[in-house]
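A short write-up of the structure that comes next.
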Amino acid sequence: MSQLKHFLFRITVAVLFVLVPILGVYTFVKAPEWRLWFPENVSSYGDEIDGLFHTITWMVGITFVGTEGVLVYLILRFSKKDASKANYTHGSHVLELIWTAIPALLLVFVAFSQMSVWSKIKINLPDGEYTAENPFMEVYGSQFDWRVRYPDADKNFSGADVIESAFDIYVPVDTKIVFRLKSRDVLHSFFVPKFRLKQDAVPGMNIPVWFEAEETGTYDLICAELCGWGHYKMAGKVHVLAQDEFDAWLEGRREALYSNGSED
Amino acid sequence: MSNAAIARPLGLDPAGTVHVTHDHHELGFLRKYIFSVDHKVIGIQFLFTGLIMLLFGGLMAMAVRWQLAWPWTQMPILGKVLFPETGGVATPEGYTMLFTMHGTLMVFFVIIPLLTGTFGNYLIPLMIGAPDMAFPRLNMMGYWFWWPGIVCILLSFGAQGGGPAAGWTAYPPLSTIEAAAPGSNWGQNWWLLSLTFVGVSSMMGAVNYVTTIVKMRAPGMGFFRMPLSIWGLMIAALLQLFALPVLTAASFMQLFDRVFDAGFFTPPDIIINNFSPEAGATVDSVGNATGGHPLLWQHLFWFYSHPAVYIMVLPAMGFASDIISVHARKPIFGYKPMAYSMAAIAGLGFIVWGHHMFMSGMNPSVGLVFMTATMMIALPSAIKVFNWLGTLWGSRIRLNSAMLFALAFVAMFIIGGLSGIWMASTPPDIYIHDTYIIVAHFHYVVFAGSVMAIFGSLYHWFPKMFGRMMNETLGKIHFFGTFIFTNGVFYMMHQLGLAGLMRRTADPYAYETYAHLQPMNQFISICAFCLLGWQIFFVVNFFGSMIWGKRAPRNPWKATSLEWETPSPPGHGNFDKELAVYHGPYEYGVPGVEADFVPQTQKCEHVSAH
Amino acid sequence: MSESIAAYDPKVDAPAHLHPVYDYDSGPPVERGKFAIWLFLATEIMFFSGLIGAYIVLRSGASTWPNPADRLAVDLTAVNTFILICSSYTMVLSLFAAEKGDKGGTLKWLGLTILIGSAFVSVQVYEYIELIHHGNIPSKDIFWSTFYVMTGFHGTHVVIGVIWLATVWVRVLKGKYPPQNYLGIELAGLYWHFVDLVWVLLFTIVYLF
């Protein structure tokens, strides 16, 4: 291979490798614009999750650009045709110590910074009207629909006055909703992207879950655990209503229930 | 010493120059190429079988990609074979079967066998200076026990109700109750049997590898003079030995649940598709036992399958280290930190399985422990990357195909490793768990990482395996396309995951949230088809070079490790001269020596003995 | 016979004309076969750990768990356990005999081990038949599911052990194990002791507690 040809080849390889961090970062920067990014958050704790994600993204991004950059530089710099020998070294204790200690500290920092948010969302339930024993509702996954039950006036989930609905879940806004997540058959997972909420529904388990929606609207509820051939269409909706609208909706459902009951 | 007595595997001898000495009785075709006990032939058998399975697994992936790009439309070519009854349009249950089989094939029939079966078999005796494996017959059985596994997995396609469709993770009760899914019929039973056979095969191999490495190193080949490939293979074999039996036990429990209606993973009071396990029954009048727990399977499954991830990457790390050192003409930077960090990855690998289960309903407090352990596993991975960069610093890089793929392994492993930190963090994982960012992450490790390393290793060790050189121009063309399309396929999956796109969803665009993601999925699919198509350059080069390639000398790369001390390809018994090892495997560019490398068998006062 | 030569088997390793015979680097001073069987037993330990672990999880998670004594013939199995432990002793005696080159003694004690192993399996099969006859099958409840999986896989191991010991017995008869090299008996013995040990564990947790 002639000198020029080899030079061009080195450049090509370097360009190929350098495109990875360049396009990699570019696509991440552009992603919100292309709507390939988090959908807007409407829950009270979603911002904290997004914040942690962004912190990690900065750390990871800098490391990514740094290491890939060094790699490209080394490929370009040391691939010249050169009759001389390479540097003869078997390593350096000082360098090993440095690049062990710094990532170790960063990783411990990352691990510890996650703990409070995780405890808040998954370990502890919020103080409020609803608790694990006295939940706002029960949600069941079942092949291939979501079913929701609202308790009667005595907070019971069994009885004639229990309101049931499929696919559509109605909740009031700005309320810390605690609900029980169950499954009637196989595994499902309750995922509302805009709430930043995901929890598997496990048959035989009764998992308390909570969220607080801060904006009214209708949001996609997606099954996030393979549950069979109809997994892809197990789509529900969470309707977040203003408190008075929700009360009116609940009242309407109760009345419908009573009128149906009297007809029987 | 002549080449006379050297029997060539695969009959790829140059111009009929094979002579067999009269004292060496000729083995029949069957014993030489089919039921051979020679580790090199067995390694090459694993290679060909694994590459065929790679094609199968790749075609499954193409079918999945077609459905994601153009759901419910007629699938060209593959559709006719996979979905003849619907005229080539995927069915929802067919789609679940496709990704289940893609995952199963790639993990158990491609990556693990190619890394440990092919290169483990081929390289271990050659690199440590042994004439063969410690137990050659057991080694042969290891290969042939893989075949019932292949037969079972093929039978599962044709089973009544279709192939297994509960994901490669086979979470119960979807996988255990026949009413839950059409694929949870005999397809799932064949799948479980297949895994058991593959497990037995791996176990035979692993016992052999570790015994060979511990007991059969050439004189002077101390543990810390072994090439890092051997370290990677040995640690992977130890992972197989200690983790795999747990999966085997779990598979048997699932098989009992399915065949004898036992209740290991079936909780009480469930009704699946109008079927009540307690009341209904399949083989008797009593009904299923219940009282089990679905999460029990997940714990047992991931106790194996997380270490399995390291089985799929540690040997690749070893191969990449060796290739980089040889073609950078420079000693590996920090040999011992490299070896120790592989051991650390393996050790920590046993206590991190719970990070697959943050959203599973497992006690969330336990999740914090698994998160911290998982973060710590990033540390040895980072150390390895820095040491690879250190190796390249001040080196004299030869940019040939093997080196390009090894460098690509490093570049891609950085991405796969770093994205792991997102999902190890429990709160962000609430959102990204089971989204496409996970798919991007593990494909960057296992495809863009390990498969790149496998390609690099094939280019690097092909001359030894087949006695001929591969074509460099075709190799480079293969590299460029593979590199571009790999990133085209997997990079934007990160962003799809951030948009919330779930894995295993046959038609995501039914959701309002996902409706706008179709164009990006089409882009990814087109890249995927190109990626598969581009492999024609590899196929042509690989098979063409076996026939028309330039004859390879013993040591075409001027490398130091022992496999290059043998003829290319080595004969039965491997070494044709007495071996003694005087120093480590990475002595390149030694000052005061004329050549730029000092083989391990060469005594040299300029090289320190350790 | 020095250790390094014991580890080297020219018939297996390679035709001698291709390369010289040399001592390998010093690994641990243990024969290849013994090293490999310990690795294999490690995988077996993990296998039974998986089964026993699942049992413990399921049992501690269950709201009620039947008293094993109400469902299983504990007395019969206790006797069975005792004779299986005895078979470990006869196995050791057989190995001692082999060491001394006492072929008759080796055959006698090995034969007794095989006999006891077969008796153990027979009692188990009898127990299974009785249980199944009364409708106690794996699908009845989770107790029986775990019972059959754990004892069944152990029973399979005993059967494999008996077959292995029987082949060793035939090889002893043919004089394949001189006092210098009786490794084959030792390996089968190690496996047999392991199977016994697992049974003591299983008997304790499945039958007694």
Side-chain angles (χ1 to χ4, degrees), chain B residues 5-6 21 23-24 130-132 134-136 203 206-208 210-211 214-222 241-250 252-253 256-257 260-264 281 283-284 286-293 296 299-300 303 571-579 581, chain C residues 7-10 12-28 30-40 42-55 57-59 61-65 135-146 148-149 152-153:
Chain B
I6 285 145
T21 47
D23 62 326
H24 186 254
D132 205 320
F135 309 103
M203 194 262 291
V207 167
N208 223 336
V210 177
T211 310
V214 170
K215 292 294 299 175
M216 293 181 68
R217 281 162 292 122
M221 178 62 90
L241 287 175
F242 287 97
L244 192 62
V246 177
L247 179 72
T248 310
F252 279 127
M253 286 185 236
F256 260 67
D257 270 14
F260 300 112
D261 293 339
F264 286 98
V283 296
D284 54 70
V286 186
N288 283 46
T290 58
H293 208 298
L296 175 62
H299 280 290
L300 294 170
F303 183 85
H572 191 62
N574 293 344
F575 294 93
D576 52 3
K577 58 185 173 187
E578 196 153 0
L579 284 181
V581 173
Chain C
Y8 180 76
D9 177 3
V12 174
D13 286 339
H17 65 272
L18 259 183
H19 68 94
V21 176
Y22 50 74
D23 284 356
Y24 289 112
D25 190 66
S26 51
V30 50
E31 292 93 336
R32 275 185 216 172
K34 215 187 261 179
F35 187 83
I37 198 101
W38 278 111
L39 287 177
F40 170 67
T43 72
E44 290 278 44
I45 288 170
M46 292 307 291
F47 178 79
F48 281 102
S49 303
L51 293 181
I52 292 171
Y55 172 80
V57 167
L58 289 172
R59 184 167 174 172
S63 45
T64 58
W65 195 266
N136 297 320
I137 52 176
S139 61
K140 197 169 181 193
D141 63 27
I142 189 74
F143 175 89
W144 292 117
S145 300
T146 54
Y148 280 104
V149 166
F153 275 106

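Convention: sequence-line order gives letters A, B, ...; per-chain numbering from 1.
Counting heavy atoms from C-beta outward, B:F242 and C:T43 have side chains that stay 4.5 Å or more apart.
Heavy-atom pairs under 4.5 Å with chain B peak, among C:A62, C:A42, C:S49, C:A54, at C:A54. Ranked by heavy-atom pairs under 4.5 Å with chain C, the first of B:A250, B:A243, B:G263 is B:G263. Ranked by non-hydrogen atom pairs under 4.5 Å with chain B, the options C:L58, C:I37, C:I45 are led by C:L58. In terms of heavy-atom pairs under 4.5 Å with chain C, the best-connected choice from B:V246, B:D257, B:L296 is B:L296. Counting heavy-atom pairs under 4.5 Å between each of B:T290, B:T248, B:V581, B:L241 and chain C puts B:L241 at the top.
The minimum heavy-atom distance between B:A249 and C:L51, with the atom names listed, is CB-CD2, 3.9 Å.
The distance from atom CZ of C:F47 to atom CE of B:M203, rounded to the nearest 0.5 Å, is 10.0 Å. A distance of 10.0 Å separates OG1 of C:T146 from CE of B:M253, quoted to the nearest 0.5 Å. Rounding to the nearest 0.5 Å places NZ of C:K140 at 15.0 Å from CG of B:N288.
Contact annotation for C:A36: both backbone and side-chain heavy atoms come within less than 4.5 Å of a heavy atom of chain B. For C:S63, no part lies under 4.5 angstrom from a heavy atom of chain B. Of the atoms belonging to B:F256, it is side-chain heavy atoms, and not backbone ones, that fall under 4.5 Å from chain C.
Separation of the B:F252 and C:F153 ring centroids falls under the 6.0 Å cut-off.
Environment of CH2 in C:W65: crowded, with over 12 heavy atoms of neighbouring residues, nucleotides or ligands closer than 6.0 Å.
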*Yes or no on side-chain contact (heavy atoms from CB on, under 4.5 Å) for C:R32 and B:M216, after CA distance, side-chain angles and deciding distance?*
CA-CA 9 Å; C:R32 275 185 216 172; B:M216 293 181 68; 3.6 Å; yes

*Stepwise side-chain contact (heavy atoms from CB on, under 4.5 Å) test for B:F260 and C:I137*: CA-CA 8 Å; B:F260 300 112; C:I137 52 176; over 6 Å; no

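A distance-only check finds a donor-acceptor pair linking the side chain of B:K215 to the backbone of C:V30 [under 3.5 Å].
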